[in-house]
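Remember, predicted model here, so these are calculated numbers, not experimental data. Along the sequence shown, the residues carry numbers beginning at 1.
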Amino acid sequence: MRAKKSPGLISPTGVIKLMTHAMMGAALGLAFTFALILANPAVAELLNHGGSGAVFVFVVTLVTTFAIGAALTGVVFILDEDKES
């Protein structure tokens, strides 16, 4: 009798795990963005001169970059977890 295989990446559980990784990356990206703005006066000055559109684009770009990176890392973790079980 074979042991039951854990659900992979293409399953409701896998999608939830992947979205969790992406949300953690987005939160980390938002925290990093605010820390960068507060810690680096040159970035704050550039964003101040760029207007509200520049701030929005800067924040969304960094948050999206971190979210995509965390999601790709989550894919690796999920596939490795499936390989071990």
Side-chain angles (χ1 to χ4, degrees):
M1 213 156 113
R2 289 188 170 179
K4 215 173 200 183
K5 190 176 179 184
S6 65
L9 187 61
I10 310 298
S11 69
T13 306
V15 172
I16 290 172
K17 286 180 182 179
L18 191 60
M19 289 304 298
T20 304
H21 281 277
M23 288 187 292
M24 285 188 291
L28 186 63
L30 188 62
F32 177 77
T33 302
F34 288 141
L36 181 63
I37 291 170
L38 292 174
N40 194 343
V43 172
E45 188 65 28
L46 284 173
L47 292 175
N48 191 26
H49 286 301
S52 63
V55 173
F56 179 74
V57 169
F58 182 71
V59 170
V60 168
T61 301
L62 284 178
V63 167
T64 304
T65 302
F66 273 74
I68 291 171
L72 292 174
T73 305
V75 168
V76 172
F77 287 159
I78 292 168
L79 292 177
D80 187 52
E81 185 179 279
D82 287 345
K83 198 180 295 184
E84 288 179 3
S85 59

Next item on the list: List, by chain and number, the other hydrophobic cluster members for M19, where Ile, Leu, Val, Met, Phe, Trp and Tyr join if side-chain heavy atoms come within less than 4.5 Å, directly or indirectly.
Entry: V15

Note to self: Filter on ring-ring contact (aromatic ring centres under 6.0 Å, His included), then keep only pairs touching residues 45-64, sequence neighbours left out; what's left?
What the structure shows: none

Item checked: Taking every non-hydrogen atom, the tightest pair across A70 and H21 -> CB-O, 3.2 Å

Notebook entry, point to check: Transitive ILVMFWY cluster of I68 at side-chain heavy atoms under 4.5 Å: who else is in it?
Noted result: L72

Would you be so kind as to tabulate the donor-acceptor pairs closer than 3.5 Å made by side chains of residues 22-43, with sequence neighbours excluded?
residue: T33; atom: OG1; partner: G29; partner atom: O; Å: 2.7
residue: N40; atom: OD1; partner: A42; partner atom: N; Å: 3.2

Note to self: Test: side-chain hydrogen bond (donor to acceptor under 3.5 Å, both in side chains). Region: residues 52-71. Which pairs qualify, not counting sequence neighbours?
What the structure shows: none

